[in-house]
Amino acid sequence: MVSSINMIHSLFIINSSGDVFMEKHWKSVVSRSVCDYFFDQQRKVGNPEDMPPVIATPHHYLISIHRCCMFFVAVCMTEVPPLFVSEFLHRVVDTFEDYFSECTESIIKEHYVVVYELLDEMLDNGFPLATESNILKELIKPPNILRTIANTVTGKSNVSATLPSGQLSNVPWRRTGVKYTNNEAYFDVVEEVDAIIDKAGSTVFAEIQGYIDCCIKLSGMPDLTLSFMNPRLFDDVSFHPCVRFKRWESERILSFIPPDGNFRLMSYHIGSQNIVAIPIYVRHNISFREAGGGRLDITVGPKQTIGRTVESVMIEIPMPKAVLNCSLVPNQGKYSFDPVSKVLIWDVGRIDTAKLPSLRGTINLQSGTTAVESNPAINVQFTISQLAVSGLKVNRLDMYGEKYKPFKGVKYITKAGRFQIRM
Amino acid sequence: MASNGSYSNERPSSGGDAPEYATDPASGSFFHSDYKKHEDLKQMLDSNKDSLKLEAMKRIIGMVAKGRDASDLFPAVVKNVVSKNIEVKKLVYVYLVRYAEEQQDLALLSISTFQRALKDPNQLIRASALRVLSSIRVPMIVPIVMLAIKDSASDMSPYVRKTAAHAIPKLYSLDQEQKEELIHVIEKLLSDKTTLVVGSAVMAFEEVCPERIDLIHKNYRKLCNLLVDVDEWGQVIIINMLTRYARTQFTDPNADDAGEESQNKPFYDDDGDDDEEDDGEEQKKEEKTKKTYTLDPDHRLLLRNTKPLLQSRNASVVMGVAQLYHHLAPRSEVMVVAKALIRLLRSHREVQSVVLNCIASISTLRKGMFEPFLKSFFVRTSDPTHIKLLKLEILTNLATETSISVILREFQTYISSHDKEFVAAAIQAIGRCASNIKEVTDSCLSGLVSLLSNRDEAVVAESVVVIKKLLQTQPSEHKDIIIHMAKLVDFIAVPQARASILWLLGEYSDRVPKIAPDVLRKMSKTFINEEDIVKLQILNLAVKLYLTNPKQTKLLCQYVFSLARYDQNYDIRDRARFLRQFIFPSAGLENSKLAKHAKKIFLATKPAPVLESKFKDSEEESSEEGTSEEDDSSEVEESSREESESGSLESDIQELGERKGKMVDTKPKNNEVKKSGKADSNETSEESDSDEAEDDSSEEEETDSSESSSNDKRRPPVKKLHARTANDDNPTPEPKPKSNLDLLLELDDVPPAITPVLTPSLGGFLTPLSASVMPVTSASVQPASPSFIPLKTTELLNKISGRGLHVLSRFTRSPHLFSPAMVSVELTFTNLGTEELKDIRVSQKTLPAGMSMHDFATISVLPVNATLPGTIGVDFNDSTQPVSFTLAVGEVQHNQVTIKAPVGELIRAVTMPEPLFISEQSKLRGMNEHSAVVNLLPSCNDQKTVCQRVFEVSNVAAIPSVDSKCLRFAGQTLSSKSLVLVTIKILENDQANISVNCEKMVVGSMLLNEIKSHLRD
C-alpha cells in the first residue's frame, strides 16, 4: 500500500525529562520508537532552543515545537509545508491554554480525556478540522469545577450533541445565541519595543511589534468598526480572520464581527522606517580585566516616556562562564546571580527619576582563567502603562446590528520585547 | 453488578442511584499500570450505568493515550458503540479507530450502527458516523464506505459534504482500486460553492489525483474568488495547489528577464492577448517579447486574490502566498511579500527558523528584496545558535558594496560572542564578503590577520582557514601573511588550521623559499603526534618541496615518507605509497611518465574555491518549502560541492579547507610550543639532525620577521607571538592613519570604552553617536534608511552601440562606500554579443565642475550571456546636470554613456521629530519655499498611496505626525547636506497642497514639479 500523503500522522507529547507521556494517532499506529531520532538530535544540540524544527528520519519527518517545557512532536509520512504543521501545533497548545488556563504536563495528564477529545476534533485523518476556539468550546465544554461536580451528579457530559452553529454560517469563528447581561468590549493595545543598542548607547536597530487583544462579551451578532487616529503608522499588519480586509484596504478601518471572548484582533509591525522612541537607557560599565576580579556598574534611567513611569524593570545579564560570583550593591530592588546558569538578574521595579536605580560592585572570576574576551549583553524588560510608544490612538468604536449600548474600553501598554543592549 | 445486567442498556443516564460506583476509588488514578484491572473495566463496561461506562471508557482512553495496550478490551468496548450517551459513544469511537485495524472481525460488528447513523436526521451524527466509519481501516468495508461517501457528497448539509471530502483520502489509502470512482466524487465536490467544502475538496484532490489538472480548469476562477473566505488550513492547501497549477498553465512572467534577450524576435511585435488560458501557451511564450508581455487576466486574478492573504495571522498561509509570488509574480511585484515574511520573524522560534531558511534561499536570487530589511537580520545574543547562523548567512547574501560597511561592523561585534560556533561562522562570513566584494577584500584580509592574535584558539584556527581561502582567490603577493601563518604552526593545535597552513606553504613555497623547508623539518619531528589530516598535508608539503627544492629537502622528505610508511592509518600508508612513486620511483621506473610530469601534476595552478551561499544551489528545493531543507547531510554535500575540482591529486587538500570545520578544542601542546619556540628564536646549533641549509632558513626567517614587525603595522600579532616565545624587542605598534575601509574591520582587541566610530564620511544609517550626545538624539536629524528602493532600470548602453555589451543602471538609494555625498548607481553589465568581453572599465570622464565620480571595479572578463554588477558613486554636487564617461572594453574606447540623476535621487532620507521639522520649516520660508495645489487622481487619494508616490519620486523619510491630514517628509541633499522638507496637506475634494522647503532653491522647485507630476498621474 502506498503511504497516504496526509499531513499529520501522529502526535507525541514529551516532557522535559524525555518521557513520552501522551501519544495520539490519526491513522495506523506509528511506534513511539520513532522518537528516538528526536532524542538523538536533542542530545546533539543540548539546548532545547536549538532543536531544529524539522528532523528527517528514514521513513518519517518529525516536526516539533517546544512550548511550556514540553515538546510536541508531529510525525509526518511525506514532505509537508513545515509551517503548516508547526503553526497547527502551536494552535493546539493555544487551545489547551485557552481550555485549561495554562498548559503543563500535570494539567494535560489530569484532563487527558478532554485533551484527547480536542485532538480528535481538531484533526481528522491528519488534516485540521476545527481549530476555532468558539467552535471547539461548543463541541467540548471546557472543564471547570462546578461543571465537573454537576456532571457527576446528573450524569450529563461535557460533550455537546448539536452541531456548532458557527460551522455552518459565514462567521465560523462566532458561536450563535450569545447572551450577556452586561455587554462589554475591551481592547488592549500592547506594543513591544524590539531593539539592539550598541555599546555607546546608540540604537542599532529598533522596531515596534504591536497587537490588539480583545475581550468582547457582546450579545447577539454585533458588527463592530474600530478606527484609528493615525492608521498611517502601521508598516505591516496581520488580522484575525474576522476582519474585513477590503474595508481596511480602502478606508483603514477595522470592520468585523468578533468571536465571543478573548482573541487577538490584529498584530502590527512598525519598522525601522519610522523612528522608534526608546523609553529607557542603561549606562553600563563592565570590566573583567582588573586584578582580583572585574567590576560592574549599571545605572538605569528613563528617556522619551512622555511623563509616564517605567515599571517592572528587570535587567538580565548572562555572564561568561568564568564568572564565579558577584558581590554587588543595588540602591533599589533585588539582584540574584545563579552560579549554575551564570545569569545575573536584577529586579529593579519602577524607576524613580529623582534617584536613578544603580547596581555596582565586583565580579569574582575563576582564578587562573585568562581575561574574558567578550562582554555579555544586557536583556531588559520593562512595562509602561497608558502609553503606546508609537503614538497609536484608537479613534472610535461603533457597533451595528444590535440595539443595546455596550460598555467600551481601551487600554494602552508598552513593554520591552526583544530589547538588548550590547556591552 | 451481574444483577444490574438485566436492565436494558438502552436506558438513558439517570445517575445518582449507584453511589458505590460513582465514588470508585480508582477513578482518580488513570495512569496506573495494573493489568488485572482490565477485568474490572470489562465489568464496568458491561454494567448498565452510563456513569460507570463513562468512567471505564475514560480509563481505557487513558491507557491508549499513554500508549499502553488495551486491545484485549475490544469486545467489551465495541458493544457500547450503541450507547445513547454521547460522551461514551465518542470515546468508544476513539477506541474503535485506534484498534479496529488489529481486530478486524470484531470491528465489523459495529458497522451496522454507523450505517444506521448515516441516515440520522441530525447532521452532526451523520457526519461523525461517516468520519468514524471511514477511519476504520478494515479492507472488508471498502464498498460500504464508498457508498457512504457517494451519498454524503450530495448531502444537504455542507458539514457532511466536508466530512465526505475528508473521507476520500482515507478510503483511497485503504484501497487504491477505488481511484476512478473517487475522482468522480472529487469532481463533484470541487464544484461545490460553499467555502466550508472547497478547502477539503482540494485537499482530497491533492491526495488522490493531483495529476488530473483538468478538473481544476473549470473551477479555477471560483477557487480564486472564494479563497479569502476559506478557513486558514484550506487556504494553505488551495494556495499550494494553485501555485502548482499556475506554474504549469501560465507563462512565467520573468522568463524573458533571465538573459534571454538574444532570443527575442524584434520583428514579431505581436501583442494579441487572447484570454484563453489553455490554448496557445507555448506559442505565446515565444511570441511575446519583454515589452509587450502582459499577464493573462486569470494569472492576474490569482495574484490579486492571494495578496490580501499576506495579512493572515497564520504563518503557513503567508508562506504559501510568498511562495506563490516567488514563482509566479513578475519580478517587480515580488517585493510585497518581503514585508510579510519579515513580520513572521517575530513569531515562534520554529516559525522563525523555517522562515529564515526560506529567506536565505530567496536572498541568493533576489538581493534587493530584503535589502531594506537588513537590520531585521541583526543577531541578538539571546538567539539560539541555529537562528544566529541563518541570520549570518542572510546578511552575507545581502551584502553589497553599499551595505557592506554596516554588515562588517555587525560581524565585528559578533566575533566577541561567547558562542564559538557562531564566531566561527562569523569569520567565515567575513571571508565570503571579502571574496565577493572586491572593495573590501584587503581590509577584510587585514582584519582577519589581526584576528590571528586572538586569545581564543578556535577564532585563530577559523581565521587561518578563511585566510587560506582568500589567499587562494587572490593570486597577488601576500608573502608577509604566509610567513606569519608559517609561524603560527608552532602554536595552533587545531588540525584544520595546521593543515591549511601546510597546504598554503606547499602551494606558495616559491614565495617563501627559505621558510618552507624549515617548517617541514619541524613538522617531521612532530609527525607521529599529528592528526591524520595534518599528516596528509605534511606528505603533500614534502612532495611539493622536493619537486621545487630537492637539494634541501630530499633527506627530510625521505624521513617523512618512511614515517608514513609505518603509520597506523591505512589512508596515510596508502597516500605515502602512492606519492612515493612520483618522487622516489622504484628501480627501473625512473623514467616513467608519472615521475616526469610530477611537477605538472603537483604544482598546477588550482582554481580558487568559490565562496558562496550554501543555499545557492538548493534554492529550488528549499524555496519549495520542503521539509528536507533541514537535512543535515545536505550541508555536507554543499560544502563538498564548493570544492573545486582541481583535476590533480589535490582534491582532498582543497577539501580540508572547505569543510565546515568542527572546532576541536584541544589545548595547545605546551612542550611543543616551548621547543619550537626555541627553534624560532636565535639558536640553531643544537639541532642535531639539521642540514646545513637550516642555518640559512632560520636566519632568513628571523630577518623576515623583524623586518615585517617594524615595517608592517597591520600585524601586531607577530610581535605578540614573539613576546610569548622569546623575549625579543617589543616595539609598541604605532597606529598609522587609517583609511575608511581599515576602520570597518578593526578586529583587534578594542578596549571596551572605545567604540569603533565610523568616520564621518561614511555617515550612513548606522553612525554611532557617542554616549554624551545621547539625550539630544531625539531632537536631532538622523539619517534613515530609504522607504522605497526603485527597481526601475534605465538602459545606459544598448547592445548595438555597445557591440554586445548591454548596460542598465539603477539608483539604489544607499550611501556610497567611498563618500556619503555620492549617489550610488548600480550598473548591470550583460554580454549579449557572441564573444566574451574583456577588461570593462571607465576610461574617460567628463565631469562638470564640482562633481566627482568613483569608478566601478574593473571587470576582467564577461563571458557571453553572463551578467555582472558594478557600482559607481557620483557626487552630483546637488545638481541634475549629467555626468558622462566612456566605458572601455578591452581596446575599444568609444562607448560614451551619460547618467543623469532625477532630483529625488540627490536626496537622502532623514528623520527628525515633528517639532524640529516644523521649526526647521519655519526657517525656510519665502524664497526657499515652493508650493502648489494639485488635483489628486481618484486612484491615489488615500494617504498610503500618496506616501508611496512621494517615496517613489524621492528618497525622503516620513515624519510621524499628529495631524492626520498632513503628511511630512524629510530628506537631506547629498552634497551640501541642506534639509529638504516636504509637506503634503490633503484638502477636501481630492486636492492636495504640496510645499517643499529647501535652502537650495533649484532643488526645491524641481522636486516640487516632480512630486506634482507624479501625484497627478
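Quick note on labels: first sequence line is chain A, next is B, and so on, each numbered from 1.
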Can a donor-acceptor pair be found between the side chains of B/H166 and A/N125 at a distance below 3.5 Å?
-> no

When the 4.5 angstrom heavy-atom criterion is applied to A/M51 and chain B, the contacting part is both

Most heavy-atom pairs under 4.5 angstrom with chain B, which of A/V113, A/D50, A/V85?
-> A/D50

Sub-4.5 Å side-chain heavy-atom contact between B/R349 and A/R67 = no

Taking all non-hydrogen atoms of both residues, which atom of B/K339 and which atom of A/D235 are closest, and how far apart?
-> NZ-O, 3.2 Å

Check: B/T381/A/Q420 side-chain N/O donor and acceptor closer than 3.5 Å | yes

Which of the residues A/N47, A/V20, A/I196, A/I13 is involved in the greatest number of heavy-atom pairs with chain B at under 4.5 angstrom?
-> A/I196

Taking C-beta and beyond as the side chain, do A/P53 and B/S353 meet within less than 4.5 Å on heavy atoms?
-> yes

Kindly indicate whether the side chain of A/H90, heavy atoms from C-beta on, has any atom under 4.5 Å from the side chain of B/E350.
-> yes

Of all of A/Y268, A/F88, A/W248, which one pairs up most often with chain B through heavy atoms under 4.5 Å apart?
-> A/F88

Applying salt bridge (Lys or Arg N to Asp or Glu O under 4.0 Å), run through B/R98 and A/E23 and close with a yes or a no.
-> CA-CA 11 Å; B/R98 168 70 179 76; A/E23 61 181 62; 5.0 Å; no

Largest heavy-atom contact set with chain A, pairs under 4.5 Å, which of B/V318, B/N314, B/V88, B/T194 = B/N314

Proximity of A/F127 and B/W233 rings by center, below 6.0 Å = no

Locate the shortest heavy-atom distance separating A/Y112 from B/I61; write the atom from each residue and the value.
-> CE1-C, 4.1 Å

Nearest non-hydrogen partners of A/D236 and B/R343, listed with the distance = OD2-NH1, 3.1 Å

Identify, with sequence neighbours excluded, every residue that meets side-chain hydrogen bond (donor to acceptor under 3.5 Å, both in side chains) alongside A/S250.
-> none

Where does B/Q352 contact chain A at under 4.5 Å (heavy atoms): side chain, backbone, both or neither?
-> side chain

Specify the closest pair of heavy atoms between B/G67 and A/R32, including all atoms of both residues, with the distance to one decimal.
-> CA-NH2, 3.6 Å

Determine whether B/P308 and A/E249 make a side-chain contact, defined as any pair of heavy atoms from C-beta on separated by less than 4.5 Å.
-> no

Would you mind checking which part of B/V379 comes under 4.5 Å of any heavy atom in chain A, side chain (CB onward), backbone (N, CA, C, O), both or neither?
-> backbone

Scored by heavy-atom pairs under 4.5 Å with chain B, the best of A/K393, A/H240, A/E251, A/H25 is A/H240

Whatever's closer than 4.5 Å to a heavy atom in chain B on A/R283 counts as neither

Beyond-backbone contact of A/E87 with B/V236, side-chain heavy atoms, under 4.5 angstrom = no

Side-chain heavy atoms of B/R380 within contact of A/F205, under 4.5 Å = yes

Decide side chain to side chain contact (heavy atoms under 4.5 Å, CB included) for A/K199 and B/T413; before the verdict, give the C-alpha distance in whole Å, the side-chain angles of both, and the deciding distance to 0.1 Å.
-> CA-CA 10 Å; A/K199 272 196 252 206; B/T413 60; over 6 Å; no

Quick one: pull up CE in B/M203 and CG in A/D124 and give me the separation to the nearest 0.5 Å.
-> 7.5 Å

Heavy-atom closest pair, residues B/E101 and A/S28 | OE1-CB, 3.2 Å

Tell me, out of B/V355, B/I237, B/T163, who's got the most heavy-atom pairs with chain A below 4.5 Å.
-> B/I237

Pairwise side-chain contact, A/V204 with B/E410, heavy-atom cut-off 4.5 Å (strictly under) = yes

Taking the side chain as every heavy atom from C-beta outward, state whether A/K24 and B/V94 have any pair of such atoms under 4.5 Å apart.
-> yes

Chain B contact via A/P318 - which portion, at a heavy-atom distance below 4.5 Å | backbone

Heavy-atom pair count under 4.5 Å with chain B, highest-scoring of A/S86, A/S267, A/P241, A/P376 | A/P241

Who wins among A/V243, A/N230, A/D120 for the most heavy-atom pairs under 4.5 Å with chain B?
-> A/D120

Can you name the closest pair of heavy atoms from B/R137 and A/W26 and give their distance?
-> NH1-O, 4.0 Å

Of the backbone (N, CA, C, O) and the side chain (C-beta and beyond), which part of A/R264 lies under 4.5 Å from a heavy atom of chain B, both, or neither?
-> neither

Worked verdict on B/S376 versus A/E207 for side chain to side chain contact (heavy atoms under 4.5 Å, CB included) | CA-CA 9 Å; B/S376 302; A/E207 59 183 25; 4.1 Å; yes

With side chain to side chain contact (heavy atoms under 4.5 Å, CB included) as the test, would you mind laying out the steps for A/K109 and B/K66 before giving the verdict?
-> CA-CA 10 Å; A/K109 279 181 172 172; B/K66 270 219 93 178; 5.7 Å; no

Best-contacting candidate, B/D229, B/L967, B/D383, B/L344, against chain A by heavy atom pairs under 4.5 angstrom | B/L967

Under the side chain to side chain contact (heavy atoms under 4.5 Å, CB included) rule, what do B/V351 and A/L83 come out as? Steps first, then yes or no, please.
-> CA-CA 6 Å; B/V351 174; A/L83 281 184; 3.8 Å; yes

Considering only heavy atoms, which portion of B/S312 lies under 4.5 Å from any heavy atom of chain A: side chain, backbone, both, or neither?
-> backbone

Does any heavy atom of chain B fall under 4.5 Å from the side chain of A/F245, the backbone, both, or neither of them?
-> side chain

If you measure from the Lys or Arg side-chain nitrogens to the Asp or Glu carboxylate oxygens, is any gap between A/E117 and B/K58 under 4.0 Å?
-> no

